[in-house]
Novice: 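Handing you a structure now.
Since the model is a prediction, treat every value here as computed from it, not as a measurement. Throughout, protein chains are lettered first and strands after them, A, B, ... in sequence-line order, and every chain is numbered starting at 1.
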Protein chains: 2
Amino acid sequence: MYERKIPENLECGVNITAKVLGGKWKACILHGIGLGTRRPADLHRAIPEAPARVVNLHLRELEEYGIICKKIYPGFPLKVEYFLTALGESILPIVEAMDRWGNENRAAINLVSPAPMEANQDLMPEMR
Amino acid sequence: MYERKIPENLECGVNITAKVLGGKWKACILHGIGLGTRRPADLHRAIPEAPARVVNLHLRELEEYGIICKKIYPGFPLKVEYFLTALGESILPIVEAMDRWGNENRAAINLVSPAPMEANQDLMPEMR
DNA sequence: CGGCATCCCACTGGATACTG
DNA sequence: CAGTATCCAGTGGGATGCCG
């Protein structure tokens with residue numbers, strides 16, 4: 001509003017990274033690109049729960065941060081590919097560590113929220 | 001509200017971790033606890049930009065996830081300490097990697113946002 | 001295929017004040 | 001010191017639809 005929101009403390013390295021990876025699907029997107037899913041349509045297919053618009057917003061942000069770069073191949077239909085920059089490659093290990101940790105601890109974490117009155121009736125939600 | 005929001009795709013490990021570390025200050029808080037900042041008041045002092053209430057909310061969430069545990073020492077004034085659980089210890093490397101990456105790349109990233117019309121008048125905001 | 005433009009609401013998190 | 005209750009603004013991100 002006034003000046004600019006600048007910021008939450010960026011002295012702390014954690015916050016910088018948190019900001020870069022912040023946003024519901026950014027880490028996931030990077031993971032995908034890291035695995036070779038470069039074309040938008042493929043990314044969308046890889047993360048169907050994320051609306052294309054949102055993925056695009058994240059992509060633009062990542063681009064601004066210099067994490068990925070976009071390559072456009074003229075022609076029709078249009079072809080686009082996103083690549084990790086050197087910076088992007090450098091953050092990838094973190095994303096991969098997140099993937100590993102998440103997979104290893106999926107069962108250990110109670111992500112299904114507070115459960116109003118204890119007794120988590122279901123630790124194996126279908127999650128569609 | 002209704003059922004519960006459950007979720008965004010948790011098949012992907014990345015999303016699980018992203019959820020655990022999600023929230024403006026969670027990673028930062030974990031980093032602090034990992035460094036030995038166990039008492040609430042100290043945490044608040046370590047992250048002055050974060051309202052105490054918010055830090056508390058995050059702490060509760062982390063507790064629910066089983067990342068940290070809370071120890072209360074009766075007496076007056078009340079004394080409380082938060083510790084990393086085994087699960088918490090296991091995620092710490094990621095947080096530390098984030099800290100390292102952030103510090104190493106602080107200069108390389110354009111976090112100050114799009115900059116409406118270039119020329120960031122002030123790169124050294126007082127931040128209150 | 002790739003990507004804006006709109007519309008809109010749930011949720012996050014900031015300020016403040018109060019209780020144990 | 002530790003933590004909760006209120007109140008409220010900003011915004012992230014979901015749904016839809018249109019354009020190149």
Side-chain angles (χ1 to χ4, degrees), chain A residues 1-9 15 18-29 33 37-64 68-83 113-114 128, chain B residues 1-9 15 18-29 33 37-64 68-82 113-114 127-128:
Chain A
M1 238 343 119
Y2 304 93
E3 299 296 303
R4 183 93 256 309
K5 77 192 263 201
I6 295 279
E8 50 271 5
N9 184 339
N15 290 327
K19 184 138 200 190
V20 171
L21 297 182
K24 201 162 181 181
W25 309 100
K26 283 222 216 66
C28 197
I29 289 170
I33 296 181
T37 312
R38 313 227 158 77
R39 301 195 56 181
D42 294 330
L43 276 170
H44 298 323
R45 246 170 280 122
I47 321 177
E49 324 71 38
R53 189 189 72 98
V54 175
V55 171
N56 286 331
L57 288 176
H58 287 168
L59 285 169
R60 287 231 290 116
E61 243 186 272
L62 289 169
E63 220 188 324
E64 279 162 13
I68 60 176
C69 66
K70 178 186 196 170
K71 187 155 188 189
I72 303 178
Y73 303 83
F76 200 86
L78 210 43
K79 178 176 172 182
V80 170
E81 282 190 335
Y82 289 97
F83 296 89
S113 103
R128 61 95 77 12
Chain B
M1 245 333 123
Y2 303 93
E3 298 297 301
R4 230 310 106 188
K5 75 194 265 200
I6 295 282
E8 51 269 7
N9 183 340
N15 290 328
K19 183 137 202 193
V20 171
L21 298 181
K24 202 162 180 181
W25 308 102
K26 282 222 216 69
C28 199
I29 289 170
I33 296 180
T37 312
R38 313 225 161 78
R39 303 196 53 183
D42 294 330
L43 276 169
H44 298 323
R45 246 170 278 124
I47 321 176
E49 325 71 39
R53 189 189 70 100
V54 175
V55 171
N56 286 332
L57 289 177
H58 287 168
L59 285 170
R60 287 227 287 117
E61 242 185 274
L62 289 169
E63 220 188 322
E64 280 161 13
I68 60 176
C69 66
K70 178 187 195 171
K71 186 156 188 188
I72 304 178
Y73 303 84
F76 200 87
L78 211 43
K79 178 176 172 181
V80 169
E81 282 190 335
Y82 288 97
S113 101
M127 59 187 61
R128 68 88 79 26

Novice: B:Glu81 has an atom CD; how far is it from atom P of D:dA2, in whole Å?
Specialist: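 After rounding, the reported distance stands at 10 Å.
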Novice: If you go through the side-chain atoms of A:Arg39, does one of them form a donor-acceptor pair with the base of C:dG2 closer than 3.5 Å?
Specialist: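 Side chain to base: no pair below 3.5 Å.
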Novice: Using a 4.0 Å heavy-atom cut-off across all strands, classify A:Tyr82 as base, sugar-phosphate, or nothing.
Specialist: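 Since only primed, P, OP1 and OP2 atoms lie under 4.0 Å of A:Tyr82, the category is sugar-phosphate.
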Novice: D:dG13, C:dG3, C:dC1: which one has an atom nearest the side-chain heavy atoms of A:His58?
Specialist: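 That would be D:dG13.
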Novice: Say you draw a straight line from CD of A:Glu49 to NE2 of A:His44; how long is it, rounded to the nearest 0.5 Å?
Specialist: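 Between atom CD of A:Glu49 and atom NE2 of A:His44 there are 13.0 Å.
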Novice: Between C:dG2, D:dA2, C:dC1, which nucleotide gets closest to the side-chain atoms of A:Arg45?
Specialist: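 Within the option list, the nearest is C:dC1.
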Novice: Angle, rounded to 10°, between the helical axes spanning five pairs at each terminus of the helix from C:dC1-D:dG20 to C:dG20-D:dC1?
Specialist: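 So the angle between the two local helix axes works out to 50°.
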Novice: Atom NE2 in A:His58, atom CD in A:Glu63: separation rounded to 0.5 Å?
Specialist: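 Answer for the NE2-CD pair, A:His58 versus A:Glu63, is 14.0 Å.
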Novice: B:Leu43 CG to D:dG3 P: how many Å, rounded?
Specialist: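 Distance, rounded to whole Å: 10 Å.
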Novice: Calculate, to the nearest 0.5 Å, the distance between atoms CG and CD belonging to B:Asn56 and B:Glu61 respectively.
Specialist: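 Here the interatomic distance stands at 12.5 Å.
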Novice: Could you check A:Trp25 against B:Pro77 and say which one's nearest nucleotide on DNA chain D is further toward the 5' end?
Specialist: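 Per heavy-atom nearest nucleotide, the more 5' residue is B:Pro77.
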Novice: Between atom CG in B:Leu21 and atom P in C:dT12, what is the gap in whole Å?
Specialist: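 After rounding, the gap between these two atoms is 16 Å.
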Novice: Between C1' on C:dC11 and CD on B:Glu61, what's the gap in Å once rounded to a whole number?
Specialist: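 It works out to 12 Å between those atoms.
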Novice: Atom CG of B:Leu43 and atom CG of B:Leu59: how far apart are they, to the nearest 0.5 Å?
Specialist: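 Rounded to the nearest 0.5 Å, the CG-CG separation comes to 6.5 Å.
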Novice: Using whole Å, report how far CG of A:Asn56 lies from P of D:dC19.
Specialist: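 Spelled out: CG on A:Asn56 to P on D:dC19 is 18 Å.
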Novice: For C:dG2, does OP1 or OP2 lie under 4.0 Å from any side-chain N or O of A:Lys70?
Specialist: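 It does not, given that no N or O in the side chain of A:Lys70 lies less than 4.0 Å from OP1 or OP2 of C:dG2.
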Novice: Rounded to the nearest angstrom, tell me the gap between atom CG in B:Leu78 and atom C1' in D:dA2.
Specialist: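 Interatomic distance, CG of B:Leu78 to C1' of D:dA2: 6 Å.
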Novice: As an exercise, state the distance from OH of A:Tyr82 to CD1 of A:Ile33, rounded to the nearest 0.5 Å.
Specialist: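 One finds 8.0 Å between OH of A:Tyr82 and CD1 of A:Ile33.
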Novice: Toward the 5' end of DNA chain C, which comes first, A:Lys79 or A:Arg53, by nearest nucleotide?
Specialist: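 Of the two residues, A:Lys79 wins.
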Novice: Please state how far atom CD1 in B:Ile29 lies from atom C1' in C:dG13, giving the value in whole angstrom units.
Specialist: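 So the two atoms are 12 Å apart, to the nearest Å.
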Novice: 5'-most contact on DNA chain D: B:Ala41 or A:Gly23, nearest heavy atom basis?
Specialist: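 That would be B:Ala41.
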Novice: I need the B:Glu81 CD to B:Lys71 NZ distance, nearest 0.5 Å.
Specialist: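 Output value for this atom pair is 8.0 Å.
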Novice: For the pair B:Asp42 (side chain) and B:Thr37 (backbone), establish whether a donor and an acceptor sit closer than 3.5 Å, ignoring hydrogens and angles.
Specialist: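 Not confirmed, B:Asp42 side chain does not pair with B:Thr37 backbone.
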Novice: Mind calculating the distance between CG (B:Leu57) and P (D:dT4) to the nearest angstrom?
Specialist: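 Whole-Å distance recorded here is 8 Å.
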